[in-house]
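Remember, it's 1-based here, ligands and their atoms both numbered in the order they're listed.
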Amino acid sequence: MKTAREVLDVPALRKDFPILSQKVYGKRLVYLDNAATSQKPRPVIEAMERFYTQDCSNIHRGVHALSERATRAYEDARIKVQQFVNAPEAREIIFVRGTTEGINLVAGSFGREHVGAGDEILISEMEHHSNIVPWQILCEEKGARLRVAPINDRGELLMEEYEKLLGPRTRIVAVAHVSNALGTVNPVREIVALAHSRNIPVLIDGAQAVPHRKVDVQDLDCDFFTFSGHKMFGPTGVGVLYGKAQHLEKMPPYQGGGDMISSVTFEKTTYNKIPYKFEAGTPYIAGGYGLAAAIDYLDAIGMEAIGEYEHGLLEYATRAVSGIPGLEIIGTAKEKAGVLSFTLDGIHPHDIGTILDQEGIAIRTGHHCAQPLMDRFGIPATARASLAFYNTKEEIDQLVLGLRKVIEVFG
Ligand code: PLP
């Protein structure tokens with residue numbers, strides 16, 4: 001078996017990320033806030049620069065060379081995304097601003113069409129606010145009810161409880177593939193299969209899945225899958241909603257404007273075909289360039305190798321922090337990816353973050369946009385170190401030293 005070091009040449013990969021070589025307060029930057037946003041390799045930055053220095057123009061309507069080049073690149077990016085998640089067709093890939101917009105699109109279009117008074121929407125207790133609030137807004141508008149599948153103390157979804165909540169009024173299930181606050185990897189294939197056996201469609205929030213593992217939407221058989229470019233080494237402001245064509249074709253538009261129409265008169269507008277029906281207005285074209293470059297970059301490394309390396313690193317980190325007195329890991333699911341959330345007895349997570357920052361170590365502290373989940377664990381916040389493939393055991397060792405310093409200061 002290969003060791004983690006042999007799976008990836010991390011020192012070489014780190015050289016692709018200009019930001020990682022900087023010092024913060026005179027200390028080497030240790031960036032462990034990847035679940036919030038990941039850093040960008042040079043090819044992503046260069047692809048976006050290429051758009052602005054060579055191809056800058058509007059897409060789809062232009063007849064000149066620049067517009068044709070940019071249109072081709074943007075549509076090639078769509079095909080790259082299609083292949084990246086193994087979607088059957090490129091027209092099932094809708095460019096959005098990010099996961100949040102992807103979920104709002106489904107709630108605002110599919111939800112508005114299919115959810116009525118007394119109907120139910122089923123989510124889980126570990127959802128990000130982005131996968132709670134759009135459904136709450138819909139429930140308020142329609143007089144529907146939000147149901148919540150509970151988790152156990154390790155942060156694992158209770159599948160029997162989930163199954164019991166799949167009722168005759170359930171109109172859609174929406175769950176995270178990987179929890180941003182706990183790192184739990186949900187059994188999404190099983191979640192989808194159980195819902196489908198009752199003809200209930202499923203949306204998967206894939207924001208924390210795509211940077212860490214190979215995703216195959218056909219294998220998952222989910223109806224919708226959404227994710228953000230910026231968490232997978234691409235730009236902020238661009239993301240993806242995959243939807244099965246059978247749903248997308250029947251769904252009403254989410255926003256009105258340019259590009260989403262086929263013809264407009266003051267009396268009646270007919271809508272464009274998918275995916276354009278859902279892409280009103282000028283999109284983030286440079287973002288498309290950057291996202292395509294991020295996919296090429298990940299493909300060249302290989303998602304399996306990334307998953308394997310990070311798994312080893314997370315195990316190393318879990319062992320390394322376990323010896324720290326008063327430290328409790330929040331989220332100890334059997335299947336985890338990328339996230340180490342913890343508390344230190346008697347020390348507020350913000351104080352942990354502040355001391356670590358002075359050591360050049362960037363982590364996130366707070367409720368991680370998952371306040372109901374924090375309530376479930378009876379805590380206001382956690383400290384969260386989140387990993388990417390460019391992180392190293394040496395950086396984990398730095399984190400441990402930093403945490404010992406925190407205890408010295410506050411303990
Ligand atoms: N869902 C999960 C699980 C997340 O971790 C995040 C971001 O942290 C989001 C949704 C929202 O993503 P974005 O802010 O990119 O729309």
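- Heavy atoms of H129 come nearer than 4.0 angstrom to ligand 1 in no pair at all.
- Side-chain atoms of E75 and I79, non-hydrogen and from C-beta on, never get closer than 4.5 Å to each other.
- The nearest protein atom to atom 11 (C) of ligand 1, hydrogens excluded, is given as T100 OG1, 3.5 Å; this is a heavy-atom distance.
- Using a 4.0 Å cut-off between heavy atoms, H230 contacts ligand 1 through its side chain alone, with no backbone atom that close.
- Nearest protein heavy-atom contact of atom 4 (C) of ligand 1 is H128 CD2, 3.3 Å.
- A salt bridge is absent between E120 and R169; no separation between the charged side-chain nitrogens and carboxylate oxygens falls under 4.0 Å.
- Counting only distance, with no hydrogens or angles, the side chain of E156 and the backbone of K334 share a donor-acceptor pair below 3.5 Å.
- For ligand 1, the atoms sitting less than 4.0 Å from at least one non-hydrogen atom of S228 are 12 (O), 13 (P), 15 (O), 16 (O), numbered in the order shown with element in parentheses.
- Among protein heavy atoms, the minimum distance from atom 5 (O) of ligand 1 is reached at Q208 NE2, 2.7 Å.
- The nearest protein atom to atom 10 (C) of ligand 1, hydrogens excluded, is given as D205 OD2, 3.4 Å; this is a heavy-atom distance.
- Geometrically, K405 does not engage F410 in a cation-pi contact, judged by NZ or CZ lying under 6.0 Å from the ring centre and within 45° of the ring axis.
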(message) Apply side-chain contact (heavy atoms from CB on, under 4.5 Å) to residues M232 and I295 and explain how you reach the verdict.
(response) CA-CA 8 Å; M232 50 172 286; I295 289 174; 3.7 Å; yes
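- Looking at K231, its side chain does come within 3.5 Å of a backbone N or O of A35 through a donor-acceptor pair.
- A donor-acceptor pair under 3.5 Å is formed between the side chain of T226 and the backbone N or O of V240.
- At a 4.0 Å heavy-atom cut-off, ligand 1 touches S130 through the side chain alone.
- Among all non-hydrogen protein atoms, the one lying nearest atom 8 (O) of ligand 1 is K231 NZ, 2.6 Å.
- Contacts between R97 and ligand 1 below 4.0 angstrom, taking non-hydrogen atoms only, are absent altogether.
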